[in-house]
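What follows is a short report on a single structure.
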Amino acid sequence: MRELYKDLQPEILINREQLAARVAELGAQITKDYHGKELVLVGILKGAVIFLADLLREIDLPLTLDFVAISSYGSATKSSGVVRIMKDLDHDIVDKHVLVVEDIIDTGLTMSFLKNNLLSRGAASIRVCSLLDKPERRLVRLGSDYTGFTVPDAFVVGYGLDYGQRYRNLPEIGVLKSEIYAN
Ligand code: 5GP
């Protein structure tokens, strides 16, 4: 990992222990809230996969799993809100309680699009669980029902989050040095 860490600011934003502890808390809360309901977890590829894999094992309920892949037009570090579904759900969600699992909500444009899209398919409920939230940059009114950590306005990578498809395998979350994306 030394190769990857040299591109990060030296202070780690969220370490492994903090991630594990918060994911366990979220799992316990979700377990309580969805007791007796048919839960479908929808992971957003690819950024949410590490979070989802850990979260899933902290939820003590029968549940099913599905994925969507979306691509957002814009630069590598800023989303435009114009979203395209690259891979759709495999199963229908009519009358199901859907919990969308996302890596980070930034402007909120991506999640706002996705939430409306899923709602139009007849789900009983749609909630959002986002590992990270950058509320300072929000452009639409959108909250996350479950949030892991609120982060400052900086470009973060690791624990599934990428820059140019790299850094997803970092086991913790750090801030990318600005010279990396300035080039
Ligand atoms: P939004 O539509 O809320 O602006 O953007 C959400 C998407 O932008 C996230 O799913 C993620 O892919 C990307 N994104 C926003 N901020 C960051 C960040 O700090 N780091 C990384 N790696 N991706 C980000």
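What's counted below: heavy atoms across the whole structure, side chains too, no hydrogens, waters or symmetry copies.
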Practice problem: Could you tell me whether the side chain of Lys87 and the main chain of Phe67 form a donor-acceptor pair under 3.5 Å? | Solution: yes
Quiz prompt | Residues in side chain to side chain contact (heavy atoms under 4.5 Å, CB included) contact with Ala24, at least two apart in sequence or another chain | solution = Glu58
Practice problem: Grab the two heavy atoms, one from Ser120 and one from Asn117, that are nearest each other, plus how far apart they are. | Solution: OG-O, 2.7 Å
Exercise. Go through the steps for Ile30 and Tyr146 under the test side chain to side chain contact (heavy atoms under 4.5 Å, CB included), then give the verdict.
Key: CA-CA 8 Å; Ile30 292 165; Tyr146 303 92; 3.9 Å; yes
Quiz item: Linking I/L/V/M/F/W/Y whenever any side-chain heavy atoms sit under 4.5 Å apart, do Val42 and Leu142 land together?
Solution: yes
Quiz item: Would you say the side-chain atoms of Asp133 pair up with the backbone N or O of Asp106, donor to acceptor, closer than 3.5 Å?
Solution: no
Exercise. Determine the minimum heavy-atom distance between Ser130 and Phe51, stating which atoms define it.
Key: C-CE2, 4.1 Å
Quiz item: Looking at Tyr34, does the NZ or CZ of Arg127 lie under 6.0 angstrom from its six-membered ring centre and within 45 degrees of the ring axis?
Solution: yes
Practice problem: Take Leu176 and Leu8, measure what side chain to side chain contact (heavy atoms under 4.5 Å, CB included) needs, and give me the verdict at the end. | Solution: CA-CA 5 Å; Leu176 198 62; Leu8 300 187; 4.2 Å; yes
Quiz item: With a 4.5 Å heavy-atom cut-off, do Leu63 and Leu56 have their side chains touching?
Solution: yes
Quiz item: When rounded to the nearest 0.5 angstrom, what distance separates NZ in Lys134 from OG1 in Thr150?
Solution: 12.5 Å
Practice problem: Begin with the C-alpha distance, continue with both residues' side-chain angles, and end with the deciding distance and a verdict on side chain to side chain contact (heavy atoms under 4.5 Å, CB included) for Leu52 and Val49. | Solution: CA-CA 5 Å; Leu52 176 65; Val49 290; 5.5 Å; no
Practice problem: Establish whether Leu89 and Leu41 are linked, either directly or via other cluster members, by ILVMFWY side-chain heavy-atom contacts under 4.5 Å. | Solution: no
Self-check item: Student check: side-chain heavy atoms of Val83 and Ser71 closer than 4.5 Å
Solution: no
Quiz item: Side-chain heavy atoms under 4.5 angstrom apart, residues restricted to Ile, Leu, Val, Met, Phe, Trp, Tyr: same cluster for Leu170 and Leu161?
Solution: no
Quiz prompt | Leu65-Ile93 co-clustered via ILVMFWY side chain contacts under 4.5 Å | solution = no
Quiz item: Can you tell me how far the OH atom of Tyr167 sits from the OH atom of Tyr5, to the nearest 0.5 Å?
Solution: 12.5 Å
Exercise. Would you mind reporting whether Val40 and His97 have side-chain heavy atoms less than 4.5 Å apart?
Key: no
Practice problem: Could you pull out all residues at least two apart from Lys37 that satisfy salt bridge (charged side-chain N to carboxylate O under 4.0 Å, His left out)? | Solution: none
Quiz prompt | Approximate separation, where rounding is to 0.5 Å, of Leu99 CG and Leu39 CG | solution = 6.0 Å
Exercise. Check whether more than 12 heavy atoms from other residues, nucleotides or ligands sit under 6.0 Å from atom CD of Gln9, and answer yes or no.
Key: yes
Practice problem: Ignoring hydrogens and angles, tell me if any N or O in the side chain of Asp145 forms a donor-acceptor pair with the backbone of Cys129 under 3.5 Å. | Solution: no
Self-check item: Minimal non-hydrogen separation, Val101 against Ala48, with atom names
Solution: O-CB, 3.3 Å
Exercise. Decide yes or no on side chain to side chain contact (heavy atoms under 4.5 Å, CB included) for Ile173 and Phe149, but give the supporting numbers first.
Key: CA-CA 11 Å; Ile173 292 181; Phe149 302 87; over 6 Å; no
Quiz item: When you look at NZ of Lys32, are more than 12 heavy atoms from neighbouring residues, nucleotides or ligands closer to it than 6.0 Å?
Solution: no
Exercise. Check the pair Asp7, Tyr163 against side chain to side chain donor-acceptor pair (under 3.5 Å), reporting the backbone distance first and the verdict last.
Key: CA-CA 11 Å; Asp7 296 344; Tyr163 172 68; over 6 Å; no
Quiz prompt | Tyr159 side, atom OH; Asn15 side, atom CG - distance, nearest 0.5 Å | solution = 12.0 Å
Quiz prompt | Smallest separation among heavy atoms of Arg138 and Thr107, with atom names | solution = CD-O, 3.1 Å
Self-check item: Crowding at CZ, Arg16 (>12 non-hydrogen neighbours, <6.0 Å)
Solution: no
Quiz prompt | Qualifying salt bridge (Lys or Arg N to Asp or Glu O under 4.0 Å) pairs, either residue in residues 163-177, two or more places apart | solution = Asp162-Arg168
Exercise. Please name all residues satisfying side chain to side chain contact (heavy atoms under 4.5 Å, CB included) with Thr31, sequence neighbours left out, ordered by chain then number.
Key: Ile59, Asp60, Leu61
Quiz item: Do Val151 and Ile44 belong together in a cluster built from hydrophobic side chains that touch within less than 4.5 Å?
Solution: no
Quiz item: What's the spacing between Arg137 CZ and Asp153 CG if we round to 0.5 Å?
Solution: 5.0 Å
Self-check item: Val175 to Ala154 - nearest heavy-atom pair and separation
Solution: CG1-CB, 3.9 Å
Practice problem: Report yes if the side chains of Ile104 and Leu131 come closer than 4.5 Å at any heavy-atom pair, otherwise no. | Solution: no
Self-check item: Heavy-atom closest contact (Ile105 atom, Ser144 atom, distance)
Solution: CD1-CB, 3.9 Å
Quiz item: Considering residues at least two apart in sequence or located in another chain, which fulfil the side chain to side chain contact (heavy atoms under 4.5 Å, CB included) criterion with Glu25?
Solution: Arg22
Quiz item: Who passes side chain to side chain contact (heavy atoms under 4.5 Å, CB included) against Asn116, sequence neighbours left out?
Solution: Ser112
Quiz item: Ion pair present between Asp103 and Lys46, side-chain N to carboxylate O less than 4.0 angstrom?
Solution: no
Quiz item: Is the shortest heavy-atom distance from the side chain of Leu132 to the side chain of Ile14 under 4.5 Å?
Solution: yes
Self-check item: Spacing of Ile85 atom CD1 and Ile70 atom CD1 [to the nearest 0.5 Å]
Solution: 7.5 Å
